[in-house]
There are 2 protein chains.
Amino acid sequence: MKRDSRLSSVLHALLHMAEHDGSMTSEALAECMNTNPVVVRRTMGLLREAGIVASARGHAGGWTITADLSTVTLRQLHEVLGEPAIFAVGNRNETPDCLVEQSVNAALDDAFADAEALLLDRFAHVTLADLAADFARRHADWRAKRNK
Amino acid sequence: MKRDSRLSSVLHALLHMAEHDGSMTSEALAECMNTNPVVVRRTMGLLREAGIVASARGHAGGWTITADLSTVTLRQLHEVLGEPAIFAVGNRNETPDCLVEQSVNAALDDAFADAEALLLDRFAHVTLADLAADFARRHADWRAKRNK
DNA sequence: GGATTCGTAATAATTGAAGTTACATGAAAC
DNA sequence: GTTTCATGTAACTTCAATTATTACGAATCC
């Protein structure tokens with residue numbers, strides 16, 4: 001399967017929107033993310049349902065962030081995207097009759113559950129505002145280097 | 001992407017082999033794992049290169065475990081399988097020019113790296129002998145329940 | 001020598017994300 | 001009100017990765 005990069009994509013889009021005054025069209029977002037406007041609409045549509053962004057049609061339409069950046073966590077975004085499977089490796093059969101396989105599954109599930117819990121906890125403590133601040137830092141560094 | 005279940009498969013196979021006296025053919029392993037003999041050979045071939053199992057051709061041929069069960073960890077098996085990608089989600093672009101995307105990637109990569117480290121550490125502390133012991137426990141429970 | 005079993009290459013099936021096309025719907029500009 | 005711009009969606013195709021299958025060669029034992 002292809003890797004799911006929607007979380008990465010929406011973060012990229014949201015940060016661009018945060019830096020941009022006014023709304024941005026699907027096409028503009030698609031261009032700066034190297035993808036397709038329809039894909040943008042699909043994923044941004046999920047965020048709209050969650051009240052994180054709003055969309056407007058017609059002239060001067062497009063997408064805007066409606067939520068406070070400091071209240072939106074990566075974990076929330078992960079949930080909004082439908083909590084896609086995090087791991088690319090897993091059990092062959094989730095509900096096996098075979099006792100051997102049950103032992104194997106139990107051991108693996110345990111480890112995966114802990115790793116997932118850690119990841120989601122990390123996600124829960126990173127907000128869009130944090131990312132925006134990190135970007136501002138990088139941007140300042142970049143300008144300092146350029147003007148040196 | 002389809003989920004990689006080779007680690008699960010290999011563990012299943014190894015535990016069956018551990019319970020079974022003598023060698024087991026690819027076909028027998030394939031049957032108890034609900035898969036194809038060729039798939040078994042492919043994956044077991046990697047374990048053979050690592051010295052964990054041995055194979056013999058012809059009459060009475062098949063696969064046998066050569067390593068001490070208490071020395072083989074899940075982490076080692078993961079490595080033997082080529083350290084497949086653990087996560088099904090990830091960054092859209094690993095080396096972006098865009099500073100925004102660099103911020104996003106940095107945050108995600110950080111969290112993923114920690115989760116991966118935890119997972120591999122857990123894997124490093126589980127041996128085949130542990131799994132065999134867990135199976136023995138389940139098997140005893142099952143027999144007790146059956147004879148009640 | 002014949003049956004059995006691994007070894008392996010080549011190819012197809014499967015799965016789910018991502019991309020594309022096409023067209024309908026709604027809002028602003030003129 | 002008509003044109004233009006933009007979202008909303010359905011349907012379909014492409015793409016990437018694992019897994020399954022077919023086919024045949026090579027080795028081993030009876």
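Within every chain, numbering begins at 1; the chains are lettered A, B, ... in the order of the sequence lines, protein sequences first and strands thereafter. Quick note: numbers below take in every heavy atom, side chains included, and nothing from hydrogens, waters or symmetry partners.
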Taken to the nearest whole Å, CD/B/E31 to P/D/dT21 is 13 Å

Please state whether the rings of B/F135 and B/H139 are parallel, tilted or perpendicular, taking 30° and 60° as the class boundaries.
parallel

In this structure, how many angstroms lie between the C1' atom of C/dG16 and the CZ atom of B/R3, rounded?
13 Å

From CA spacing to verdict: side-chain contact (heavy atoms from CB on, under 4.5 Å), B/L120, B/H78:
CA-CA 9 Å; B/L120 291 181; B/H78 173 68; 3.7 Å; yes

Checking all strands, does B/D4 fall into the base, sugar-phosphate, or nothing category for heavy-atom contacts under 4.0 angstrom?
sugar-phosphate

Quiz item: cation-pi between A/R138 and A/W142, 6.0 Å / 45°
no

Using heavy atoms to find the nearest nucleotide of DNA chain D for B/P84 and B/V39 separately, return the residue whose nucleotide is more 5′.
B/P84

With no hydrogens and no angle check, is any side-chain donor or acceptor of A/D109 less than 3.5 Å from a backbone partner on A/A106?
no

I need the CG-P distance between B/N34 and D/dT21, as an integer number of Å.
10 Å

Rounded to whole Å, please give me the gap between CD in B/E49 and C1' in C/dT8.
12 Å

In whole angstrom, give the distance that lies between atom CG of B/N93 and atom C1' of D/dA16.
17 Å

Ignoring hydrogens and angles, tell me if any N or O in the side chain of A/S5 forms a donor-acceptor pair with the backbone of A/S8 under 3.5 Å.
no

Roughly how far, to the nearest 0.5 Å, is the CD atom of B/E27 from the CG atom of B/N36?
9.5 Å

Determine whether the aromatic ring centres of B/H16 and B/H12 lie less than 6.0 Å apart.
yes

Taking only side-chain nitrogens and oxygens of A/R92, does any of them come within less than 4.0 Å of OP1 or OP2 of D/dA20?
yes

Please encode protein proximity along nucleotides 5-11 of chain D as a string of B, S and -, counting only heavy-atom distances under 4.0 Å.
BSBBBBB

In whole angstrom, what separates B/N91's CG from C/dA17's C1'?
16 Å

How close or far is atom C1' of D/dT18 from atom CG of B/L46, stated in whole angstroms?
14 Å

Would you mind reading off the distance between B/M44 atom CE and C/dT5 atom P, rounded to a whole angstrom?
16 Å

So does A/S5 get a side-chain nitrogen or oxygen closer than 4.0 Å to the phosphate oxygens (OP1/OP2) of C/dA17?
no

